Amino acid sequence: MLIAFDLIGITSPLIVCALQTIAQIRVVLAFVGESRALQAYSSALRVAQKIGYKTGFAKGMGLGATYFVVFCCYALLLWYGGYLVRHHATNGGLAIATMFAVMIGGL
């Protein structure tokens with residue numbers, strides 16, 4: 001145990017020196033290799049951007065299809081309500097109340 005402590009005590013200045021040297025090399029490489037790091041980051045962003053476009057398109061198509069179905073149902077309700085009113089099967093107030101009930105119930 002004492003030998004290990006002495007070995008660590010002796011080598012600790014060497015470790016500090018090595019760590020400082022590596023840290024300085026990292027700084028120098030960061031300044032020199034900045035353009036390469038920027039290109040790598042930009043290429044990674046391009047991949048993420050393409051994925052973002054695809055997911056945005058898929059979400060937009062899904063939401064658009066949902067709204068399409070909802071508005072088609074509203075149009076069907078209005079058409080059928082008008083049909084029933086024209087053929088004297090119901091009055092306008094009852095048809096509109098039913099339409100609102102169906103629309104609210106569909107939420």
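The model shown is predicted, which means the values in this text are computed figures rather than measured ones. What's counted below: heavy atoms across the whole structure, side chains too, no hydrogens, waters or symmetry copies.
In terms of heavy-atom proximity, Ala95 sits nearest to Val85 at CB-CG2, 4.0 Å.
Note on Leu76 and Leu84: same hydrophobic cluster, where clusters join Ile, Leu, Val, Met, Phe, Trp and Tyr whose side-chain heavy atoms are under 4.5 Å apart, directly or indirectly. Residues Leu77 and Phe71 fall within the same hydrophobic cluster, defined by Ile, Leu, Val, Met, Phe, Trp and Tyr side chains chained together at heavy-atom separations under 4.5 Å. Cluster membership check: Val70 shares its hydrophobic cluster with Leu63, using side-chain heavy-atom separations under 4.5 Å among Ile, Leu, Val, Met, Phe, Trp and Tyr.
In this structure Ile96 satisfies the side chain to side chain contact (heavy atoms under 4.5 Å, CB included) test together with Phe100, sequence neighbours excluded. Under the side chain to side chain contact (heavy atoms under 4.5 Å, CB included) criterion, Leu78 pairs with Met99, not counting sequence neighbours.
Evaluation of the side-chain hydrogen bond (donor to acceptor under 3.5 Å, both in side chains) test over residues 84-99, restricted to residues two or more places apart or in two chains, returns none.
Residue Cys72 holds its SG atom at 14.5 Å from OH of Tyr67, rounded to the nearest 0.5 Å.
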